[in-house]
Amino acid sequence: MPGKVRSHINQNEPLLFERSSPGKKGYQLPELDVPAVDAAAALGAANTREEIEDFPEVSEVEVIRHFSRLSTWNYGIDLGLFPLGSCTMKYNPRVNELVARTEGLAWAHPYQPAEVAQGAMEVMAQLESALAEITGMDAVTLEPAAGAHGELTGVLMIRALLESRGNPRKKVIIPDSAHGTNPATAAIAGYGVANLKSNDKGVIDLEALSRIANEDIAALMVTNPNTLGVFEEEIAKVTGLMHSRGALVYMDGANMNALVGITRPGDFGIDVMHLNLHKTFSTPHGGGGPGAGAVAVKSHMEPFLPAPRLTRVNGMWNWNWDRPRSIGKVRAFYGNFGVALAYIMAHGAPGLRQATLDALLNANYIRKGLEPYYDLPYQSPSMHECVFSDERQAKLGVRTMDIAKRLIDYGFHPYTVAFPLIVHGALMIEPTETEGKQELDLFIEAMASIAKEVETDPQFVLKAPYDTRTSRVDEVTAARKPILRWKREAAVSQAAD
Amino acid sequence: MRYLPKSDTERRQMLDALGLDSLEQLYSHLPQDVLLNRPLNLPAGKSEYEIVDYFRARGDENAAGYASFLGAGVYHHYRPVMVDVVVSRGEFLTSYTPYQAEIAQGTLTTIFEFQTMICQLTGMDVANASMYDGSTAVPEAAMMARRITGRDKVLAAKTVHPEYRMVLDTYSRYEGAPVAEIGYDSESGTLDFAGLEKQLDEQTAAVIIQSPNFLGSIEDWRKAAALAHKKGALLVYVFTEAVSLGLLEPPRDADIVVGELQSFAHPPSYGGPFAGIMATKERFIRQLPGRLAGETKDSNGNRAFCLTLSTREQHIRREKATSNICTNQALIALMATVFLSVYGKQGLRELAGQNLSKAHYLGGGVKRRFSAPFFNEFAVKTNGGSPDEVNAELLKRKIIGGLPLGRFYPELSDCLLLCATEMSKREQMDAVKKAIA
Amino acid sequence: MYPENFHYTKEHEWVRVDGDTATMGITDHAQKELGDIVYVDLPKTGTAVEQGKTIGSVESVKAVSDIYSPVSGEVVEINEALAAAPEKLNEDPHGEAWLVKIRLGSPEEITSLLSAAEYLSYIGE
């Protein structure tokens, strides 16, 4: 076996509830410096619970062993390349985590008086202005909680702007290569979806767009580079066309990592966009979140941004709630702050640009290395990711998911499987800039080796992974007979089996 | 550029392999007119020391070291050291959404434990892997209730967190779904049941109440549920102070429970990022938004977990999905899971008990505005000047007072909303009591 | 595989007519395309349905497929057993795993459906 993998201790660990035994404690509270109040007397007996049934009771040592053992069953960027296309799994600098815990910032309450919240507001203002410069937009809000939430914010603003012009219109055009969040967002914002088929180069077909961009169309939602990793070279014409039809253009900034320092959405006609701070700006994915979905707009959309907005009066930051045209609030309080600014500060302007160039270099290096082994359905130049298909392997009965599972045995997290939908059996690979040549060579070697395995012994690949603690998981039974929580009865019958 | 692992020699070798002379050739196919032909107008890169120093200085401009009696949806609770020890492990911190179950059992197992603990705390059958936060969970609950009942109208108590109601309004306005307000009883500070009964009708999808409500009062969810159910509407129970679940009877008659997790080990962070929860009855599983982890077996017959019922979600159902939500707040949910493991069955109750005792000490001998039972927050009339004046006086002594309620409730402009937690010290509470008396 | 006395749609449903009632389901081809079926969403008894309109859906782990009513009329019975055992749709789609029974509102619609031979040639088998 080439590459990174060796067997390793990988311990068993029951669930917390199974580890629990009555009377164990992992905490000690300070002695109460006020009289103890009887709960039933203060709250009323009907409002007071007897106990939290079956809640775990474990010691401190057991807590750390439990979670540490569980952690060893996970793969993370800290362990190696995480080539998930569209997800931008780059290194998460640890200083970001440290600064997020800076006492005066971490313990700042959103309602504390402005005179003792200047530092927090300054950090947010700095981040907003850095993101505006990077995107070429005029104003930024940090309020949305994640990318899809940013999309919703943006589309609601489009609706508000069009309503102010007298007609919100009915539909949003979404290319068939888009993320699933785009159509789901349009629907929640009250818009129908008009699907746009990509052309044979995998990009927007300007003529097809022109045909459907009628007076019912509120906006186009575009991802650039698109999910094939291809830059929409006619983007300026696309945005020009939409504007000439009285519609707006929303950009899904999921792939901004390909553009920073090279080109700016604000300079090619985008009206509103979101940034996934947990992708391009290195905040950790943490097993699925928190995300952060800053939204950037051109000045004509600024009045519609969610309230409140930071304003500086007499040298002091304050929150301005007097925003009569705002779409309202999309989340309580003000938004995520801190970590992304630390990332921007660490790179600075030259570093951000170099990061983009390295991301492009890595993706193209992988593309070149894998072309002999996998089918490349679109020949257009790749930006930060490349998309292959399983066409050659599928003829032997091996699909993209099987190749992905086998890749795990080689010590890598799989690429993005079966997306974008316009590529049948897609292998979508995004290495990001934070990989050196050595790791990329190991990955290419692993993928080449799997391609050869498929030719010599496809059955073997179909049963992968072999070297993980958990073998292939039965997702069908999970969905047919959902067990979504631990229950004592289940545990008893299991022990009896 | 310390986050970029390649040397120039490596870059050269890779360019050679691609048959290119320069990195710029990698994007030479982009049209000239969209290129940025200047450096970004941002400072040069900073050292780690400078970054830490910058953030420390900003933190010092805030209220570092101050005592605080603010609650109102964001609470000061002690964070056990264990929380950061666990969430700082790269295997949790730097992993992705656990779609590849074979190498994500760590995250999946903790999500399953989280879902279980949320069910145990809320008295519901099923909980998802978390929402963005409490405020966005409210419109998600409203949308869910509309899907289940096939009705449009939502009744939201005026005592639900005002910012949560603003978020609900934003979502609902564009869905064309009406939201009506239910007032509160000016003596008890709890739901105006007569008003609720009057407004409930056959078009009502959901009644949304918060308990303890924004004014601190404990609501009678049994009565609210009975009224809602009589008209075929659902009851949505909202909480902002998760620690209250340690002592309060869980809202078993509610149909959907949503709330904010911040109290379980996440610092106030000037308002975000937080995490929310959503829990419901078994029969509504298919209408629940967000990610879910489920138990199953691997091909060797061993227990394993995976994300499941994903056909509800946007990446499969696209415009027909239950929600456009994609991210869950896994790391913050993990913080909560560790926090709840550390405190456990007895500890959470004891912690809640300390909050109750401290708040009742703080609320003793002052003019509390409402008569209903309260947990760790209450509204109080300030006698020693206006709420703002009292706060200004306290601030001089490095104490952040309560929230002036007039900001959200003009009729309560003479009141502060005060909160005490296990971190409130007696002498500081005495100072606050003196200032308002 | 595809009974001669059934009628078929291009959306991969089958229909069997007994007097004024039509029994419908999804075809073997459809279940193969979907893979392991994990959930079935069916209309309530009494629902009025219209030919070509969505009446429910079938789900595999990673896909959802709408079910379209092949005929117009009223749903008089649904196959309750599928809720607990959706796998039957993979095992016996043309028999035990029927989906709903519809009292025909416009019996003449049947003539617009495909015969077994036509359906087979449509799916290229």
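Note that the structure is predicted; figures quoted are calculated from it, not measured. The sequence lines fix the lettering, A, B, ..., with proteins before strands; numbering per chain opens at 1.
- Scored by the side chain to side chain contact (heavy atoms under 4.5 Å, CB included) test, A186(A) finds V172(A), I174(A), Y191(A), V193(A) as partners (sequence neighbours excluded).
- Qualifying salt bridge (charged side-chain N to carboxylate O under 4.0 Å, His left out) partners for K170(A), counting only residues two or more places apart in sequence or in other chains: D216(A).
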I'd like a table of the N/O donor-acceptor pairs between chain A and chain C - cut-off under 3.5 Å, distance only.
residue	atom	partner	partner atom	Å
E475(A)	OE1	K62(C)	NZ	2.8
R480(A)	NE	I37(C)	O	2.6
R480(A)	NH2	I37(C)	O	2.9
R480(A)	NH2	N90(C)	OD1	3.1
K481(A)	NZ	A84(C)	O	3.4

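- Legend: residues meeting ring-ring contact (aromatic ring centres under 6.0 Å, His included) with Y374(A), ordered by chain and number and at least two apart, are absent.
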